[in-house]
Amino acid sequence: MKRLKYIISSLAAVLLISCERTIEIDLPAHEPKLTIDCHLMAGKVAEAKVSHSMHSMGNSNNFSALPDAEVVLFENNVSVDTLIYVDDNTEEWWDYEIGVFVGDYIVKSGKTYKVQVNQGNYETAYGETVCPGNSIEISEIDMSELLIDSFPDYWGEDNYQYYRKGKLKFKVSGPLDENLHYFLSITDQNEDAPMYMISNDPIIAGQEYNISDGGVYPSQKLYFSGSSFNLNTVLTIELNPESSWYGETDITDGLIIKLEVQNNDYFEFMSKLDDYDQAVYNPFAEMVFLPNNIEGGYGIVSARAEYEKTTD
């Protein structure tokens, strides 16, 4: 009986193999479209990287520069600037593989911006976004509970790097916008020593971005989301609760408390970009699709703003 079962299963395997067929799939031709990568900042000039899309099954993975493209910035539907191409071989933009288009018009909070790209070989593409402003005020800063700690300077024998740690308190007040996202960060006044921070305040501790394994963990940025209510609370932030990787050049200078305000276009793109980076080379990761708000092409146009308060 066992021999008979073996013969039957072998025959079935042979039959299945003999039934294999090669099916040719005629994939539609890819029509290249313009791609735009532009993240506006209130108080700064506009910058945009422009290239074109490629077929996912194509042989090349090089995106070509399009230095002859026309990149126009609109503010509230009025043309205010034409961005100029800067070659990636120049020292200022060495890290842009395809170069960058740079304007000279200062982006303003509360305005709607459109970045439109025209290039003769492609369909015109554009993306729109609203540049956020900041309505949150930081005041009543209390540094009395900060201490000085140190760690060995591995580049010099018997030398140490010094940094500040302990509790920093300040008041945050003003209306939150439910469509915006807020990130707190703190650095020394020379901006060469970012601080790791932690806070158990409900507006911080209740946010997913600040939680790992069920608890709040130190980060260089603390997140809270927009919602429609007036914020009026004293935040207690613990600086460098465990240690620090950064020594301060001058431990007697002030601190810079920075609030970055992101619109939803920027927040969603950066969140998905982080998911994409985490999924690289992970065969079990889910496919990540980056947000796209470009009409006639691909990419993103987004905006953010920054507010800084420097202590004495």
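Proximity of a side-chain donor or acceptor of Asp81 to a complementary backbone N or O of Asp104 within less than 3.5 Å is detected. The main-chain N or O of Pro132 is never found under 3.5 Å from a side-chain atom of Asn263 such that the two would form a donor-acceptor pair. A donor-acceptor distance shorter than 3.5 angstrom exists from the side chain of Asn76 to the backbone of Thr112, with no hydrogens or angles considered.
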List the steps, then state whether side-chain hydrogen bond (donor to acceptor under 3.5 Å, both in side chains) holds for Gln161 with Tyr246.
CA-CA 8 Å; Gln161 294 277 348; Tyr246 308 94; over 6 Å; no

Carefully, step by step, assess Glu75 and Leu73 under the rule side-chain contact (heavy atoms from CB on, under 4.5 Å).
CA-CA 7 Å; Glu75 180 184 270; Leu73 178 70; 5.9 Å; no

Please evaluate residues Asp250 and Gln189 with respect to the criterion side-chain contact (heavy atoms from CB on, under 4.5 Å), reporting the C-alpha separation (whole Å), side-chain torsions for both, the decisive distance (0.1 Å), and the verdict.
CA-CA 8 Å; Asp250 182 2; Gln189 199 163 333; over 6 Å; no

Could you give me the CA-CA distance, side-chain angles and deciding distance for Thr124 and Asn118, then say whether side-chain hydrogen bond (donor to acceptor under 3.5 Å, both in side chains) is met?
CA-CA 5 Å; Thr124 296; Asn118 305 296; 2.9 Å; yes

Would Asp68 and Gln119 count as a side-chain hydrogen bond (donor to acceptor under 3.5 Å, both in side chains) here? Give the steps.
CA-CA 7 Å; Asp68 60 339; Gln119 209 276 348; 3.1 Å; yes

Any chance you could lay out the side-chain contact (heavy atoms from CB on, under 4.5 Å) test for Tyr163 and Ser243, step after step, and finish with the verdict?
CA-CA 9 Å; Tyr163 64 95; Ser243 184; 3.6 Å; yes

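Relative ring orientation between His39 and Tyr266 is described as perpendicular, the plane-to-plane angle rising above 60° on a 0-90° scale split at 30° and 60°. The aromatic rings of Tyr223 and Phe267 lie parallel to each other, their planes meeting at an angle below 30°, with 60° marking the opposite boundary. Classified by interplanar angle (parallel below 30°, tilted 30° to 60°, perpendicular above 60°), the ring pair Tyr122/His52 is parallel.
Within 6.0 Å of atom CD in Glu191, more than 12 heavy atoms from other residues, nucleotides or ligands are found, so the atom counts as buried in its surroundings. Around atom CG of Asp312, no more than 12 heavy atoms belonging to other residues, nucleotides or ligands sit under 6.0 Å away. With a 6.0 Å radius and a threshold of 12 heavy atoms from other residues, nucleotides or ligands, Asn77 has its CG atom at or below the threshold. Residue-environment remark: CZ (Phe269) exceeds the threshold of 12 foreign heavy atoms within 6.0 Å. Heavy atoms of other residues, nucleotides or ligands lying less than 6.0 angstrom from NZ of Lys272 number 12 at most. Heavy-atom neighbours of Lys108 NZ from other residues, nucleotides or ligands within 6.0 Å: above the threshold of 12.
With a 4.5 Å cut-off on side-chain heavy atoms, Asp149 and Asn240 do not count as touching. Between Glu306 and Lys258 the shortest side-chain heavy-atom distance falls below 4.5 Å. Counting only heavy atoms from C-beta outward, the side chains of Tyr209 and Phe183 approach each other to under 4.5 Å. The shortest side-chain heavy-atom distance between Asn134 and Ile136 falls under the 4.5 Å cut-off. Taking the side chain as every heavy atom from C-beta outward, Leu83 and Val115 never approach each other to under 4.5 Å. Between Arg164 and Leu255 the shortest side-chain heavy-atom distance falls below 4.5 Å. Two residues are said to be in side-chain contact when any heavy atoms from C-beta on lie closer than 4.5 Å; Leu290 and Ile300 fail this criterion. With contacts defined as side-chain heavy-atom distances shorter than 4.5 Å, the pair Ile84/Val102 does not qualify.
The minimum heavy-atom distance linking Lys49 with Gly99 is given by the pair CG-O, 3.7 Å. In terms of heavy-atom proximity, Ala305 sits nearest to Ala42 at CB-CB, 3.8 Å.
For the 3.5 Å distance criterion, the side chains of Asp201 and Ser199 fail to qualify, holding no donor opposite an acceptor. Side-chain N/O atoms of Tyr126 and Glu295 include no donor and acceptor closer than 3.5 Å. Under the 3.5 Å distance criterion, with hydrogens and angles disregarded, a donor-acceptor pair is assigned to the side chains of Thr129 and Asp265.
With values rounded to the nearest 0.5 angstrom, Leu231 atom CG is found 12.0 Å from Glu137 atom CD. Distance CE/Met197 to CD/Gln220: 8.5 Å, rounded to 0.5 Å. Distance CG/Leu180 to OG/Ser225: 10.5 Å, rounded to 0.5 Å. The CD1 atom of Ile186 lies 5.0 Å from the CG atom of Leu239; values are rounded to the nearest 0.5 Å. Rounded to the nearest 0.5 Å, atoms CD (Glu140) and CG (Leu235) are 12.0 Å apart. For the atom pair OH of Tyr307 and OG of Ser109, the computed distance is 13.5 Å after rounding to the nearest 0.5 Å.
Val117 pairs in a side-chain contact (heavy atoms from CB on, under 4.5 Å) with only one of the listed residues (Val50, Ile294, Thr35), which is Val50.
Under a 4.0 Å N-O distance rule, the pair Asp142/Lys169 does not qualify as a salt bridge.
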